[in-house]
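Take a look at the structure set out below.
Position 1 is the first residue of the sequence, and the numbers go up from there.
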Amino acid sequence: MLRGTSEPLPAELAMLLDDPPRRLPPRAEPGPGAEPGPGGRGWLRPVALVLALALLGGVIAIGARRAAVTADARDRLVATLRVQVGERSVALAGTQDRVGRLRSQLAVAREQRRRAERDQAGAAADVAALGPVTGSAAVTGPGVRITITDRLAGGSGGADPRVSASGTPRPRQTGPTTAPGVVAPGRIQDHDLADLVNVLWISGAEAIAINGVRLTALSAIRAAGDIVLINFVPVLAPYAVEAVGDPLRLVRRVDQSAVVDRLRHRPGSPVTSLTASAAASLTLPAAPSPVLRHARRSGS
């Protein structure tokens, strides 16, 4: 007991002070199946379970919301892609149709080109075959050479040309002067040369040239005053008429022709010398290409 105090101590405190402290028996741990006591921590489990369920519900709600948003975006994206696929399909179909048309046009153009190439090859073959006959190609072969000399050795006055058909300058030839438009007497005329050329054509000549000027089906032999023009090119005596063909036949037909007999034996003939001799090889130049001003392709 404590001394010097006026108030008595409580009974419980007095018991603790008088008696030594007693050890409490150890608390038995509850078993696996034992219920927690009223003073234990069993309340934490329901709280934790509630919190877990609440958290899971929040996560599920957020996921559902995001899924809804994603589904809407996906639907819009799918609709947009379907529209684009439709547009691209229409464009692809149009492009395929255009490619088909272009392929057809290309096939037609290629066939036309092949036909044109065949026609061109045929035309080139025809030109090559007809070139020697028409005069558009130079020819070489045996034939006859006829040389004609008249009494007067060339032109006169201002009409006297200085250049031959081949472009070679000639010396100035002199003779009696005549009035303009009047043919000098004793001179070979244009019709004399034309008659001789006709004899050669009839005798089988394949190509003819006079003083190097090639004759064609369009050639003209004309006179300008006392000058003879072959295809509008002045030529001067002596005249060299060359023809490609059978030499023996051409020489024989020329000697037997009435034209040569007239030129040789006609009284007052201007010809002083007319010789026809066979030639083993003659080369006749090509005639210049004609300038067509009014011709058009058939069907144009």
Side-chain angles (χ1 to χ4, degrees), residues 1-129 289 291-300:
M1 296 292 291
L2 295 175
R3 303 300 180 185
T5 57
S6 58
E7 293 181 1
L9 297 174
E12 294 81 3
L13 183 57
M15 290 176 63
L16 291 176
L17 294 175
D18 293 340
D19 299 331
R22 291 175 296 178
R23 301 180 64 183
L24 295 176
R27 180 179 300 178
E29 295 292 335
E35 293 292 334
R41 299 180 179 179
W43 59 272
L44 294 177
R45 289 187 177 182
V47 173
L49 181 60
V50 171
L51 292 177
L53 292 176
L55 180 61
L56 180 61
V59 171
I60 292 175
I62 294 174
R65 183 176 180 181
R66 289 185 177 179
V69 174
T70 305
D72 293 340
R74 183 174 63 252
D75 292 340
R76 290 194 298 271
L77 179 60
V78 169
T80 303
L81 291 178
R82 285 178 179 175
V83 172
Q84 292 180 357
V85 167
E87 294 176 352
R88 298 299 188 275
S89 300
V90 173
L92 178 61
T95 302
Q96 290 177 346
D97 293 340
R98 185 168 178 269
V99 168
R101 291 194 301 270
L102 291 177
R103 286 178 177 174
S104 301
Q105 295 176 2
L106 180 60
V108 173
R110 286 178 175 174
E111 181 61 26
Q112 292 177 351
R113 179 180 178 181
R114 284 192 291 267
R115 288 199 300 266
E117 289 177 349
R118 289 195 298 268
D119 295 342
Q120 182 179 4
D126 294 340
V127 169
S289 301
V291 179
L292 303 179
R293 296 184 177 87
H294 304 288
R296 295 184 301 173
R297 186 174 61 181
S298 177
S300 59

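Using a 4.0 Å cut-off between a side-chain N of Lys or Arg and a carboxylate O of Asp or Glu, Glu117 and Arg114 do not qualify as a salt bridge.
When Arg103, Arg101, Gln96 are each tested for a side-chain contact (heavy atoms from CB on, under 4.5 Å) with Val99, only one passes: Arg103.
Heavy atoms of other residues, nucleotides or ligands lying less than 6.0 angstrom from CZ of Arg82 number 12 at most. Crowding of Arg115 atom CZ: a count of heavy atoms from other residues, nucleotides or ligands under 6.0 Å exceeding 12.
In this structure, CG in Asp97 is found 11.0 Å from CG in Leu102, a value given to the nearest 0.5 Å.
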